[in-house]
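One structure below.
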Amino acid sequence: MELKKSKFKLPENFFIGAAASAWQTEGWTGKKDGQYSYMDLWYKSTPHLWHNGYGPTLATDFYRRYKEDAKLMGEVGLQKYRTSIDWSRFIKDYETAEIDDEAFKYYNNMIDEVIKNGVEPMICLEHYELPAVLFEKYGGWESKHVVDLFVKYAQKAFEAFGHKVKYWFTFNEPIVVQTRVYLDAIRWPFEQNTKTWMQWNYNKVLATAKVVEIFKAGNVGKDIGAKIGVILNPEVTYARSSAPHDIKAAEMYDLFFNKLYLDPSIKGEFPQELFKVLKKHDCLFNYNDEELAVIKNNTVDLLGLNLYFPHRVKARTSGWNSEVPFHPSYYYEMFDLPGKKVNPHRGWEIYPQIMYDMAMRIKNEYGNIEWFIAENGMGVEGESKYKNKEGVIQDDYRIEFIENHLVWLLKAIEEGCNCIGYMLWAFTDNVSPQNAFKNRYGLVEINLEDNRNRIIKKSGRWFEKLSNDRYFEAKNTEIVYK
């Protein structure tokens with residue numbers, strides 16, 4: 001018998017929350033000379049490429065307004081709030097990992113304020129906030145010395161806040177920065193170098209393992225059941241067709257953009273095929289057996305996944321220019337699915353089934369590790385046109401988007417997937433890389449025309465009700481339960 005549900009109940013221990021990052025919210029207030037991140041450096045270098053010139057200089061002014069925002073977190077029903085510590089702000093001397101006293105006071109007070117409002121903090125150690133000086137002096141994550149400096153910083157963060165933060169993550173989307181800079185050369189400093197891209201990837205995997213090692217060796221947060229993980233953004237990949245050449249194209253895409261991080265983080269080893277392909281194209285990263293052993297023995301406790309839209313690929317239909325350096329697209333081309341549903345503001349396909357398909361993959365291929373949705377959301381431009389007479393944005397489209405993705409996620413949980421929560425991007429509107437405030441994602445509006453004042457959107461009130469009632473009625477879903 002088939003049943004089409006309309007009312008959905010959240011599982012007993014399933015949490016809902018929202019995320020942001022330090023660099024996208026805090027602004028530069030309180031930063032001292034030399035305390036800038038790669039993201040700050042990028043903005044300083046090409047501010048004209050950011051939408052309307054907005055960047056991280058003031059962002060949402062969270063650094064000065066965190067008490068106000070923490071209160072709003074409670075008001076919209078967040079059970080957990082994920083953000084990051086800005087490495088470039090928190091550490092005064094990157095070589096010795098000496099903590100900046102003012103930054104310690106800010107993060108300590110901010111965490112306490114979030115907890116005071118009934119929200120549990122989740123802390124990421126790096127959300128693109130690599131200190132600019134380490135990028136300029138050592139080439140950033142190309143350097144294994146930077147890996148060691150990151151471990152020192154992580155140790156200091158654990159000592160400072162490990163007694164009151166239960167959930168820790170090494171990176172958010174560790175593949176992203178170098179993919180934009182060194183693989184596709186679409187962000188400053190615009191250098192196409194696939195081997196550098198791979199070294200950044202490997203060193204971030206190694207950094208995660210080394211931080212997991214000190215976390216467990218130090219029994220960080222043992223009294224509160226603390227866990228450490230990583231937040232990845234796997235690109236749920238679909239082949240154009242069932243033909244072998246298209247299937248192979250999807251497998252190769254998956255190898256480079258998904259298994260590259262999923263396998264070592266959870267299984268403790270890179271796919272052997274990756275070594276083979278990288279050797280063939282002279283792009284193999286620098287590694288040794290001792291490092292591989294560290295990766296093998298220090299896998300994550302918990303996995304966060306950022307899922308927004310599917311990626312569709314097909315076999316190449318054109319030849320490869322031998323004068324062009326190797327790029328993974330040697331093995332595939334992107335496929336534009338006719339008739340797909342699209343968010344016209346962001347250009348991303350809307351396909352909620354990615355939740356179910358990725359969940360089943362984690363269950364079947366990755367030991368059903370404990371995991372959660374760390375980001376999912378809908379960016380919309382010009383939301384002010386949806387305001388009612390009281391000035392509140394009526395973002396029913398966002399509510400529908402969340403509902404439809406939750407429905408597929410709950411279906412996967414019913415089928416045994418070990419997913420423990422869902423987090424929206426984002427809590428408030430905030431700065432996005434280069435897009436600045438163009439596309440808005442928040443449950444709470446940041447009004448740029450009115451001193452960045454906050455106004456809870458309709459979705460924020462809906463989220464509060466979901467948090468309190470623990471169920472919702474989905475109006476536009478096509479899932480059929482058997």
Given Tyr153, Phe135, Tyr107, the one that forms ring-ring contact (aromatic ring centres under 6.0 Å, His included) with Trp87:
Tyr153
Pairs under 3.5 angstrom only: tabulate donor-acceptor contacts from the side chains of residues 121-131 to other protein residues two or more places apart or in another chain.
from: Glu126; atom 1: OE1; to: Tyr128; atom 2: N; distance (Å): 2.8
from: Glu126; atom 1: OE2; to: Trp141; atom 2: NE1; distance (Å): 3.0
from: His127; atom 1: NE2; to: Asn172; atom 2: ND2; distance (Å): 3.1
from: Tyr128; atom 1: OH; to: Glu173; atom 2: OE1; distance (Å): 2.5
from: Glu129; atom 1: OE1; to: Ser84; atom 2: OG; distance (Å): 3.4
from: Glu129; atom 1: OE1; to: His127; atom 2: N; distance (Å): 2.8
from: Glu129; atom 1: OE2; to: Ala22; atom 2: N; distance (Å): 3.4
from: Glu129; atom 1: OE2; to: Trp23; atom 2: N; distance (Å): 3.2
from: Glu129; atom 1: OE2; to: Ser84; atom 2: OG; distance (Å): 2.7

Can you list the residues that meet the side chain to side chain contact (heavy atoms under 4.5 Å, CB included) rule with Lys44, with sequence neighbours excluded?
Trp28, Tyr36
From the list Leu260, Val230, Thr299, side-chain contact (heavy atoms from CB on, under 4.5 Å) with Ser265 holds only for Val230
Only one of Leu278, Asp263, Val205, Leu255 forms a side-chain contact (heavy atoms from CB on, under 4.5 Å) with Phe270, so which one is it?
Val205
Smallest heavy-atom separation, Gly162 atom then Ile224 atom, equals O-CD1, 3.8 Å
Would you call the rings of Phe158 and Trp168 parallel, tilted or perpendicular, where under 30° means parallel and over 60° means perpendicular?
perpendicular
Residue set satisfying side chain to side chain contact (heavy atoms under 4.5 Å, CB included) with Ala209, at least two apart, ordered chain then number -> Val294, Ile295, Asn298
Check: Gly225 main-chain N/O paired with Lys166 side-chain donor or acceptor under 3.5 Å:
no
Can you classify the ring geometry of Tyr38 versus Trp42 as parallel (below 30°), tilted (30 to 60°) or perpendicular (above 60°)?
parallel
Between Phe401 and Tyr397 (judged by ring centroids, cut-off 6.0 Å), do the two rings come close enough to count as a pair?
no
Using side chain to side chain donor-acceptor pair (under 3.5 Å), reason through Asn193 and Thr196 one step at a time and then give a plain yes or no.
CA-CA 5 Å; Asn193 189 321; Thr196 299; 3.2 Å; yes
For Asp223, I'd like to know if atom CG has over 12 heavy atoms of other residues, nucleotides or ligands within 6.0 Å.
no
Look at the aromatic rings of Phe171 and Phe150 and report parallel, tilted or perpendicular, splitting at 30° and 60°.
parallel
Just one of Trp425, Tyr441, Tyr308, Tyr422 clears the side chain to side chain donor-acceptor pair (under 3.5 Å) bar with Glu375, so which one?
Tyr308
Expected output: side-chain Tyr43 to main-chain Gly53 donor-acceptor under 3.5 Å:
yes
Can you classify the ring geometry of Phe62 versus Tyr106 as parallel (below 30°), tilted (30 to 60°) or perpendicular (above 60°)?
perpendicular
